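On a predicted model such as this, the values are computed, not experimentally measured, just so you know.
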Amino acid sequence: MRSNTIEVLVNWGDTDKAGIVYYPNYFKWFDIAGHQFFRSCDLAPSKLEAERQIIVPLLDARCSFEKPLLYDDVITIQTTVEEINNKTIKLRHEVYNGDVRTGHGYELRGWVNQTADQIKAVPIPADVIAILNEDIQSDQRQSRTPFNA
């Protein structure tokens with residue numbers, strides 16, 4: 001399945017009093033990585049909304065924390081499609097500091113049609129499923145500076 005890799009710079013504001021990354025930041029980084037994943041396969045959320053009236057809201061998220069991260073660490077986030085169901089997409093995120101995995105988790109996102117009258121989960125079309133199932137690993141680490149979220 002398709003995957004994408006980005007880098008994020010850990011900011012001073014991402015840390016707690018002990019100088020260790022405060023756990024909610026993982027979810028912020030998952031959100032950034034998820035949106036970059038969709039952009040990497042030409043399914044940017046803004047494009048989906050404008051062209052298909054589709055939004056991809058977050059339905060569930062989970063994270064397991066394995067090692068601490070500190071101020072000025074440059075982390076790598078690898079995002080992979082883990083599962084595609086009729087109306088949902090599950091993205092798996094793995095966070096690394098160098099070669100050491102510091103945490104991992106997922107986001108479950110809905111495929112939702114939004115009109116002026118309603119918001120309704122709808123089946124993911126075959127063309128999108130085909131894109132998400134492609135065996136393509138994009139890597140945005142070389143093409144841009146680390147995200148400074």
Side-chain angles (χ1 to χ4, degrees), residues 1-11 13-16 20-70 73-97 100-141 143-149:
M1 297 231 196
R2 190 178 277 265
S3 68
N4 187 53
T5 303
I6 65 169
E7 284 185 335
V8 174
L9 175 65
V10 175
N11 295 297
D14 296 330
T15 63
D16 61 17
I20 298 170
V21 163
Y22 185 50
Y23 75 92
N25 288 294
Y26 272 82
F27 294 104
K28 174 180 70 172
W29 298 330
F30 286 2
D31 188 60
I32 291 167
H35 281 259
Q36 281 306 117
F37 168 82
F38 285 117
R39 287 183 188 106
S40 77
C41 51
D42 201 29
L43 296 171
S46 58
K47 182 177 178 179
L48 289 174
E49 188 172 2
E51 295 178 4
R52 299 183 188 226
Q53 293 72 53
I54 291 294
I55 58 174
V56 286
L58 184 65
L59 303 175
D60 188 21
R62 179 176 210 122
C63 186
S64 295
F65 311 98
E66 299 172 319
K67 304 282 183 190
L69 288 169
L70 307 172
D73 284 345
V74 176
I75 59 173
T76 301
I77 305 170
Q78 295 175 345
T79 301
T80 305
V81 175
E82 184 170 281
E83 187 177 289
I84 305 167
N85 290 309
N86 187 37
K87 299 176 183 177
T88 61
I89 302 163
K90 189 174 191 179
L91 298 178
R92 177 164 183 73
H93 303 288
E94 293 186 290
V95 179
Y96 291 88
N97 185 3
V100 176
R101 190 171 80 173
T102 63
H104 62 94
Y106 68 83
E107 292 179 300
L108 182 66
R109 293 193 171 266
W111 189 264
V112 176
N113 177 252
Q114 181 177 24
T115 65
D117 300 331
Q118 70 176 356
I119 297 175
K120 180 181 177 184
V122 295
I124 302 169
D127 67 312
V128 172
I129 292 172
I131 290 168
L132 297 174
N133 275 322
E134 290 178 314
D135 187 21
I136 296 175
Q137 292 80 40
S138 37
D139 189 333
Q140 296 179 322
R141 290 177 293 181
S143 64
R144 62 184 310 144
T145 56
F147 285 94
N148 190 2

task = Using a 4.5 Å cut-off on heavy atoms from C-beta on, say whether the side chain of Ile32 contacts that of Ile6.
result = yes
query = Quick one: does Ile84's side chain get under 4.5 Å of Ile124's, heavy atoms only?
reply = yes
message = Closer than 4.0 angstrom, basic N to acidic O: yes or no for Arg2 and Asp135?
response = no
request  = Drop me the distance from Arg62's CZ to Phe27's CZ, to the nearest 0.5 angstrom.
outcome  = 9.0 Å
key: Reported CD-to-CG distance for the pair Glu49 and Asn113, which is rounded to 0.5 angstrom   = 10.5 Å
ask   = Charged N to carboxylate O under 4.0 angstrom, Arg109 versus Asp60?
value = no
Heavy-atom closest contact (Pro123 atom, Trp111 atom, distance) = O-CD1, 3.6 Å
query = Taking C-beta and beyond as the side chain, do Glu134 and Ile131 meet within less than 4.5 Å on heavy atoms?
reply = yes
inquiry  = Using the ring pair (Phe, Tyr, Trp, His ring centres under 6.0 Å) criterion, which residues pair with Phe65? Sequence neighbours excluded.
reply    = Tyr26
task = Please examine the side chains of Thr80 and Tyr106, heavy atoms only from C-beta on, and report whether any two atoms are closer than 4.5 Å.
result = no
task = Run the numbers on Trp29 and Ile75 for side-chain contact (heavy atoms from CB on, under 4.5 Å), then give the verdict.
result = CA-CA 10 Å; Trp29 298 330; Ile75 59 173; 3.5 Å; yes
ask   = Any side-chain heavy atom of Glu66 within less than 4.5 Å of one from Thr102?
value = no
message = On a heavy-atom basis, which atom in Thr79 and which in Ala33 lie closest, and how many Å separate them?
response = OG1-CB, 3.3 Å
query = Can you check whether Leu43 reaches Lys47 side chain to side chain, under 4.5 Å on heavy atoms?
reply = no
request  = Without swapping roles, check the side chain of Asp14 against the backbone of Asn11 for a donor-acceptor pair under 3.5 Å.
outcome  = yes
inquiry  = Is it the case that the side chains of Asp139 and Gln137 hold a donor-acceptor pair, with the cut-off being a distance below 3.5 Å and no angle test?
reply    = no
task = Work out which heavy atom in Leu70 is nearest to a heavy atom in Val21; give both atom names and the distance.
result = N-CG2, 4.3 Å
task = For Gln78 and His93, test the side chains for any donor-to-acceptor distance below 3.5 angstrom and give the result as yes or no.
result = no
query = Would you say the side chains of Gln140 and Asn4 form a donor-acceptor pair under 3.5 Å?
reply = yes
inquiry  = Using 0.5 Å steps for rounding, measure from the CD atom of Glu94 to the OG atom of Ser64.
reply    = 11.0 Å
ask   = Does the side-chain contact (heavy atoms from CB on, under 4.5 Å) test come out yes or no for Val8 and Thr76, once each step is laid out?
value = CA-CA 6 Å; Val8 174; Thr76 301; over 6 Å; no
note = Between Ala44 and Arg39 the two heavy atoms that sit nearest each other are CB-CG, 3.8 Å
request  = Search all heavy atoms of Val56 against all heavy atoms of Pro45 and return the closest pair with its distance.
outcome  = CG2-CG, 4.4 Å
request  = Determine whether Val95 and Leu69 make a side-chain contact, defined as any pair of heavy atoms from C-beta on separated by less than 4.5 Å.
outcome  = yes
query = What is the distance from atom OH of Tyr96 to atom OG1 of Thr5, rounded to the nearest 0.5 Å?
reply = 9.5 Å
query = Quick one: does Phe30's side chain get under 4.5 Å of Cys63's, heavy atoms only?
reply = yes
note = Taken to the nearest 0.5 Å, the spacing of Leu91 CG from His35 NE2 works out to 10.0 Å
query = Salt bridge check: are Arg52 and Asp127 linked by an N-O gap of less than 4.0 Å?
reply = yes
task = Starting at CG of Leu132, measure out to SG of Cys41 and round the result to the nearest 0.5 Å.
result = 5.5 Å
